[in-house]
Amino acid sequence: LLSVRFRRTRRDGEPPLINGWIPFVGKALEFGKNAHRFLAVHKEKHGDVFTVLIAGKYMTFIMNPLLYPYVIKHKKQLDFHEFSDQVAPLTFGYPPVGSGKFPGMSEHIQRSFHLLQGDNLNNLTESLMGNLMFVFRQDYLTGESEWRTESVYQLCNSIMFEATFLTLFGKPAHSSRHSGMVTLREDFVKFDTMFPLLIARIPISLLGGTKATRDKLINYFHPQRMSGWSNTSGFIKERAAVLEQYDSLGDVDKAAHHFAILWASVGNTVPATFWAMYYLLTHPEALAVVREEIHGVLLVSGIETHHNRDLTFTREQLDSLLNLESSINESLRLSSASMNIRMAQEDFSLRLEGERSIGVRKGDLISLYPQSMHMDPGIYENPESYKFDRYIENGKEKTDFYKDGQKLKNYRMSFGSGSTKCPGRYFAVNEIKQFLSLLLLYFDMDVLEGQKPCTLDPSRAGLGILLPTSDVQIRYRLRRS
Ligand code: HEM
């Protein structure tokens, strides 16, 4: 009875409405189990635009990528930050930025994002290279050249987590490494496992020890502790200065903001690095081309690759690694499942192509689900298979992809879309390039025989790069140069 009483009914001009049988919950369980399949089935039944009740929210899915630009350009009526400002504070534990208590903070934060891009990327790239080599030398480059074994996820996680941390946040006063890095990483993984539940607004008090773990992680960034760190990136220094301007923000709130940036900077980058490395290792022809390309760039620059020598890659050199970049983009296409969500600021009619428009209600969420586009055989031939050079044509980056004969404006959306596109995307791709370059220059590697192929774990669907359901073992040894 309740479900009939409170159920929303479709108005004229609105997309087909799928309420499900359970009040409030709606289709949340089916969606959560396998979002990609759920959306494909409903697209088949209801067409390319439909509204679904998911955990109390009405979400309108735009399934045709040719329609994405119509959503992306409505920046005012369809806002990203209102939704993220409802969810991120609950997840990371800081007070909502747009609550009126912190005038101008959101704009200040947005302005700081340029410190991750353009010329600022040069310093970040150089600093990361030093930190990557440092972590590799400490933990993996022992100088012995016999075969050793390691798990790929473990390797990516331990190196990328620490090197990214050192690059963004800097190093402690009297040491090159932060004490407790292993515990920090383990706590981060515990928190990250609960991340989908926190984003679904399950109160943290219901999630066992998650609150205590999050408090520990936040405390790592206490302003007093951070004030002793050196070599901190311009980006983090600027954020700290912005946070400092607000007296109503306590020290723990400031620390929680920094913790959120730690999550943004490694939460997706580590699994993305895993998939980039995994696909190369399981496709020897791709590995050979990419390795040769990296050697070629260094050879032209007259750089020696002995593991005791420091290596530097300029941004131009990294940009010239076309095959490596295409292979990374291909693994991002296969592993990313980020949902782009915008919240309607008013009741309005959203113009789609030609004469077509749909009615949208204030507070409704409009969602783009790029995984459906990434796996569309009408856009990508054999979308399930890894083709390392899919994004190269005539020796240049390939940027023309078509749907129903029309060129797509958005064909790869692992980093979101429009004005809220991930500000760390160039840094992230450079990081993965640098990590893989060092790995391929220093080591011979192959996957141990008899292991199951890695598959995607759908439990983080909608939230970014999917994790693998299992890890994979490799053997590696120092290359003789
Ligand atoms: C936002 C993906 C790495 C910082 C986002 C969004 C996505 C994303 C999908 C939301 C955009 C939207 O909905 O329109 C990724 C992926 C990464 C990655 C796949 C790695 C492979 C990074 C790194 C940093 C970073 C390394 C920082 C150093 C951020 C920040 C935001 C964001 C600060 C929020 C932007 C805002 O509030 O407007 N990222 N990201 N990301 N990302 Fe990334």
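Both ligands and their constituent atoms are indexed starting at 1 by order of listing.
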Side chain, backbone, both or neither: the part of Ile465 lying under 4.0 Å from ligand 1 by heavy atom: side chain
Distance from atom 6 (C) of ligand 1 to nearest protein heavy atom, with residue and atom: Cys422 CB, 4.1 Å
Non-hydrogen atom of Met339 closer than 4.0 Å to ligand 1: no
Pro423 heavy atom under 4.0 Å from ligand 1: yes
Interfacing atoms of ligand 1 (cut-off 4.0 Å, heavy-atom, Ser417): 14 (O)
4.0 Å heavy-atom contact, Phe113 with ligand 1: yes
Test item, Ser414 contacting ligand 1 (heavy atom, 4.0 angstrom): yes
Identity and distance of the protein heavy atom lying nearest atom 4 (C) of ligand 1: Ala264 CB, 3.8 Å
Shortest protein heavy-atom distance from atom 11 (C) of ligand 1, along with the residue and atom involved: Thr420 O, 3.0 Å
Atom 37 (O) of ligand 1 - nearest protein heavy atom and its distance: His81 NE2, 3.4 Å
Atom 15 (C) of ligand 1: the protein heavy-atom neighbour that sits closest, reported with distance to 0.1 Å: Phe415 CD2, 3.6 Å
Lys/Arg-Asp/Glu bridge criterion (N-O < 4.0 Å) met for Asp389, Lys387: yes
Distance filter under 4.0 Å to Ala272 heavy atoms, resulting ligand 1 atoms: 21 (C)
Phe259 ring center near Tyr220 ring center (under 6.0 Å): no
Top protein contact for atom 27 (C) of ligand 1, by heavy-atom distance: Ser265 CB, 3.8 Å
Distance flag, aromatic centroids of Trp263 and Phe195, threshold under 6.0 Å: yes
Worked verdict on Glu381 versus Arg390 for salt bridge (Lys or Arg N to Asp or Glu O under 4.0 Å): CA-CA 10 Å; Glu381 199 186 339; Arg390 202 185 279 275; over 6 Å; no
Pair Tyr476 + Tyr442: ring centers closer than 6.0 Å: no
Aromatic ring proximity Tyr279/Trp275, centre distance under 6.0 Å: yes
Aromatic contact, Phe31 with Phe61 (centres under 6.0 Å): yes
Element-labelled atoms of ligand 1 that are located less than 4.0 Å from some non-hydrogen atom of Ser338: 9 (C)
Close aromatic pair by centroid cut-off 6.0 Å: Phe435 and Phe313: no
From Leu262, Thr269, Asn430, Thr273 - option closest to atom 3 (C) of ligand 1 by heavy atom: Thr269
Check: His283 ring centre within less than 6.0 Å of Phe388 ring centre: no
Distance from atom 13 (O) of ligand 1 to nearest protein heavy atom, with residue and atom: Phe80 CE1, 3.3 Å
Any donor-acceptor pair under 3.5 Å from Arg425 side chain to Cys422 backbone: yes
